[in-house]
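Written below as structure tokens is the structure these notes are about.
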Amino acid sequence: RVLNALSSMTPMRDVARIDQQLIYAGEPGGLTAPDILGLQILAAALFFGIYFGALLLTDQLGTTRGLIIARNAGLLALIGYVAPRLWLRAKADARKREILRKFPDALDLLSVSVDAGLALDTAMVRVCERWDNAMTQEFNRTLLELRVGTPRDQALQRMANRTGVQDVQTFVGVLIQSTQLGTSIA
């Protein structure tokens, strides 16, 4: 409840940016934008508290000048506040790199499978059976969307948007265009 109240006070543009990063990161741990915002505040308070606790335990609170304490505490709170966002960005970038690395192999097997006469959906299943990585997880999610009745173009476009990888977006664009024009993807 507190996290939802916090997210309602945050500019929507910032919440949307966090949501997009979470999608690119593969929604690690089922975290949401309010969770990340809460982690930011918690980490800032924790770093701030640890600093003051260390000063109290070492009996330096009375000896160190107030301005230095305030500067150091503020700096540590800022580091704590920024750390969850940096972690999220690193997770998103790592996942994008993994997708970019695995995409050529997946595309190759898709191409061979479709050339052999398999339908695109079946070829995607074959790729998913062969490997387990971020790209095949996206294929699996797309296949699930197709099974529940989402139109193929929409499911593929969602996959492209979730990856944030230009090569995947281009590939999906070609697939959608070939479907609309009625041409073979093989």
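Numbering starts at 1 and runs along the sequence shown.
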Within the 4.5 Å heavy-atom criterion, are [X] and [Y] side-chain neighbours or not?
{"X": "Thr136", "Y": "Asn133", "answer": "yes"}
{"X": "Met159", "Y": "Arg141", "answer": "no"}
{"X": "Thr150", "Y": "Arg158", "answer": "yes"}
{"X": "Leu110", "Y": "Phe171", "answer": "yes"}
{"X": "Asp132", "Y": "Gln137", "answer": "yes"}
{"X": "Pro28", "Y": "Leu22", "answer": "yes"}

Shortest non-hydrogen contact from [X] toward [Y]:
{"X": "Gln169", "Y": "Gly164", "answer": "NE2-CA, 3.9 Å"}
{"X": "Leu143", "Y": "Asp121", "answer": "CD2-O, 3.6 Å"}
{"X": "Leu146", "Y": "Ala155", "answer": "CD2-CB, 3.9 Å"}
{"X": "Ala92", "Y": "Gln21", "answer": "CB-OE1, 3.4 Å"}
{"X": "Ala33", "Y": "Asp19", "answer": "CB-OD1, 3.4 Å"}

Atom [atom1] in [X], atom [atom2] in [Y]: separation rounded to 0.5 Å?
{"X": "Leu31", "Y": "Leu88", "atom1": "CG", "atom2": "CG", "result": "8.0 Å"}
{"X": "Phe139", "Y": "Leu156", "atom1": "CZ", "atom2": "CG", "result": "9.0 Å"}
{"X": "Thr163", "Y": "Asn161", "atom1": "OG1", "atom2": "CG", "result": "7.5 Å"}
{"X": "Asp153", "Y": "Ile176", "atom1": "CG", "atom2": "CD1", "result": "5.0 Å"}
{"X": "Met124", "Y": "Thr142", "atom1": "CE", "atom2": "OG1", "result": "4.5 Å"}

Is the backbone N or O of [Y] less than 3.5 Å from a side-chain atom of [X], with the two atoms forming a donor-acceptor pair by type?
{"X": "Thr122", "Y": "Leu118", "answer": "no"}
{"X": "Ser111", "Y": "Leu107", "answer": "no"}
{"X": "Asp115", "Y": "Val112", "answer": "no"}

Indicate if [X] and [Y] have the same hydrophobic cluster label, given that clusters are the connected sets of ILVMFWY residues with side-chain heavy-atom separations under 4.5 angstrom.
{"X": "Leu75", "Y": "Tyr51", "answer": "yes"}
{"X": "Leu42", "Y": "Leu78", "answer": "no"}
{"X": "Leu100", "Y": "Phe103", "answer": "yes"}
{"X": "Tyr24", "Y": "Leu37", "answer": "no"}
{"X": "Met135", "Y": "Val125", "answer": "yes"}

Task: Qualifying side-chain hydrogen bond (donor to acceptor under 3.5 Å, both in side chains) pairs with a residue from residues 87-105, counting only residues at least two apart or across chains - done: Arg95-Glu138

TODO: Check whether more than 12 heavy atoms from other residues, nucleotides or ligands sit under 6.0 Å from atom CD of Gln154, and answer yes or no.
DONE: yes

Open item on the list: Phe48: which residues meet the side-chain contact (heavy atoms from CB on, under 4.5 Å) condition with it, sequence neighbours left out?
Closed with: Phe52, Ala73, Ala77

TODO: Could you go through the side-chain hydrogen bond (donor to acceptor under 3.5 Å, both in side chains) check for Asp167 and Thr170 one step at a time?
DONE: CA-CA 5 Å; Asp167 290 354; Thr170 302; 5.5 Å; no

Open item on the list: Quick test of your reading of the model: are Arg85 and Asp14 salt-bridged, counting only N-O distances below 4.0 Å?
Closed with: yes

TODO: Under the ring-ring contact (aromatic ring centres under 6.0 Å, His included) rule, what do Tyr81 and Phe47 come out as? Steps first, then yes or no, please.
DONE: CA-CA 9 Å; Tyr81 185 78; Phe47 281 32; over 10 Å; no

